[in-house]
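Here's the structure, in structure tokens; my notes come after.
All values below were derived from every heavy atom in this structure, side-chain atoms included, with hydrogens, water molecules and symmetry-related copies excluded. Atoms within each ligand, like the ligands themselves, are counted from 1 in listed order.
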Amino acid sequence: MSTRPIGIFDSGYGGLTILKELVRQLPEYDYLYLGDNARAPYGNKDFETVYAYTLQAVQWLFDQGCSLVILACNTASAKALRTIQQNDLPNIDPQKRVLGVIRPSAEMIGNYSNTGHVGVLGTIGTTLSQSYPIEIAKFFPAIKVTQEACPEWVAIVENNTIDTPYANTIIQKHISAILKEDLQIDTLLLACTHYPLLIEKIQEHTPINIKIISQGSIVAKSLKDYLARHASIESKCAKNGNRRFFTTGDVQDFNSHASVFFGGELHAEKAIL
Ligand code: DGL
């Protein structure tokens, strides 16, 4: 029987919002989570840095036995996925696979909007890369995409300052900016996996008629379809329901924050990349 877990990578806690849905929709698989908390945030780092860090993380997950890795991070998906898939994987091991979160979200987002006007909230790296407007146009050419970078939001999650007046002000600032830029937006995509951890605050500042879409369930559904279509990859994934958590940061900090975000007690291990 296979012992290979599915690797889930994020710069920090954000990927837990993806893992939570994967565990809900695909509970039978083993998952190995890696958060690069020591080097988060990635959103304001340049292309070369995000690519180098992401490649290190992917290589580390392969070394732990993963043959399928999900970049549960939009910034890494925007800046590193294509290069890793096209340039690195053929040399590392052509049998291994790395998938991201942007394409599955772009494939689905147009189905949520009635007005055809969608807002994308992400990091500076994700929005500057233009990955979302480009990918969404492939599936929904008529959709108008407006982007807003929310650089402070990841730090609010990583530093656990969610319940502060500062967080309130900053969240309100970006929501009202994007809704002012296009008055017809009826759908907001949380295009950073950290943002669903702020969902209650985001909802407080968003009119009730505007849909707020998190990526977790979209990515889980997409992975389910992918595994159904790729039997040779699926057969390598272990199915014992095991979950292991690794962080490059402080293990105690990770355990206390991640257990709040993920639900249930966690016992993370230290990862040295
Ligand atoms: N959660 C990640 C994303 O989806 C990265 C956030 C960051 O490290 O800046 O973009």
Side-chain angles (χ1 to χ4, degrees), residues 7-22 33-58 69-82 84 98-106 108-109 119-133 135 147-162 167 170-171 174 188-199 202 212-220 222-223 245 247-249 253-254 257-258 261-262 271 273:
I8 309 294
F9 171 65
D10 183 59
S11 61
Y13 297 113
L16 293 170
T17 64
I18 301 289
L19 179 58
K20 206 170 177 174
E21 271 301 318
L22 292 177
Y33 185 88
L34 172 62
D36 192 7
N37 300 77
R39 301 189 294 196
Y42 279 16
N44 47 13
K45 293 187 167 67
D46 61 27
F47 176 92
E48 283 73 21
T49 307
V50 173
Y51 164 64
Y53 287 179
T54 305
L55 182 58
Q56 272 178 8
V58 166
V69 169
I70 315 284
L71 302 184
C73 174
N74 289 270
T75 311
S77 299
K79 295 192 165 196
L81 179 63
R82 182 146 308 171
I84 290 176
V98 181
L99 305 174
V101 290
I102 295 179
R103 195 184 168 96
S105 310
M108 292 298 297
I109 195 66
V120 171
L121 300 159
T123 64
I124 293 176
T126 299
T127 51
L128 280 183
S129 75
Q130 299 298 326
S131 299
Y132 272 98
E135 288 297 319
Q147 301 190 95
E148 170 80 5
C150 312
E152 311 88 344
W153 290 14
V154 170
I156 290 171
V157 171
E158 288 293 312
N159 303 331
N160 203 14
T161 50
I162 298 171
I170 291 295
I171 290 168
H174 291 298
L188 285 177
L189 174 67
L190 304 184
C192 170
T193 54
H194 278 68
Y195 297 174
L197 299 167
L198 302 170
I199 188 86
I202 294 170
I212 303 169
I213 309 298
S214 301
Q215 297 173 293
S217 62
I218 296 174
V219 173
S222 167
L223 181 62
F245 297 85
T247 177
T248 58
D253 269 3
F254 187 91
H257 294 167
F261 298 146
F262 190 69
L273 302 191

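Near Thr75, the atoms of ligand 1 lying under 4.0 angstrom from a non-hydrogen atom of the residue are 3 (C), 5 (C), 10 (O). In summary, the atoms of ligand 1 found under 4.0 Å from a heavy atom of Thr123, numbered by their order in the structure, are 6 (C), 9 (O), 10 (O). Which parts of ligand 1 touch His194 is read off a 4.0 Å heavy-atom cut-off, strictly below it: atoms 1 (N), 2 (C), 6 (C). Applying the 4.0 Å criterion to heavy atoms of Pro41 picks out, from ligand 1, the atoms 7 (C), 8 (O), 9 (O). Those atoms of ligand 1 with a heavy atom of Gly43 less than 4.0 angstrom away are 7 (C), 8 (O), 9 (O). In the vicinity of Ser11, heavy-atom distances shorter than 4.0 Å reach the ligand 1 atoms 5 (C), 6 (C), 7 (C), 8 (O).
Side-chain contact annotation: Gln215 with Ser105, donor-acceptor N/O pair under 3.5 Å present. His194 and Tyr13 are not linked by any side-chain donor-acceptor pair at a separation below 3.5 angstrom, with hydrogens and angles left out of the test. With 3.5 Å as the limit, one finds a donor-acceptor pair spanning the side chains of Asp46 and Thr49. Side-chain contact annotation: Thr193 with Asp10, donor-acceptor N/O pair under 3.5 Å present. Defined by atom type and a distance below 3.5 Å, a donor-acceptor pair is present between the side-chain atoms of Glu152 and His174. Side-chain atoms of Asp36 and Thr248 include a donor-acceptor pair closer than 3.5 Å. A donor-acceptor contact closer than 3.5 angstrom links the side chains of Thr75 and Thr123.
Atom CZ of Phe261 is separated from atom CG of Leu197 by 5.0 Å, given to the nearest 0.5 angstrom.
If you check which protein heavy atom lies closest to atom 6 (C) of ligand 1, you get Val154 CG2, 3.4 Å. Distance from atom 3 (C) of ligand 1 to its nearest protein heavy atom, with residue and atom name: Asn74 N, 3.2 Å. Looking at atom 7 (C) of ligand 1, its nearest protein heavy atom turns out to be Tyr42 N, 3.3 Å.
When heavy-atom distances to ligand 1 are checked against a 4.0 Å cut-off, Cys73 comes that close through both its backbone and its side chain. In Asp10, the part holding a heavy atom less than 4.0 Å from any atom of ligand 1 is the side chain.
Not one N or O of Asn44 is nearer than 3.5 Å to an N or O of ligand 1, by distance alone.
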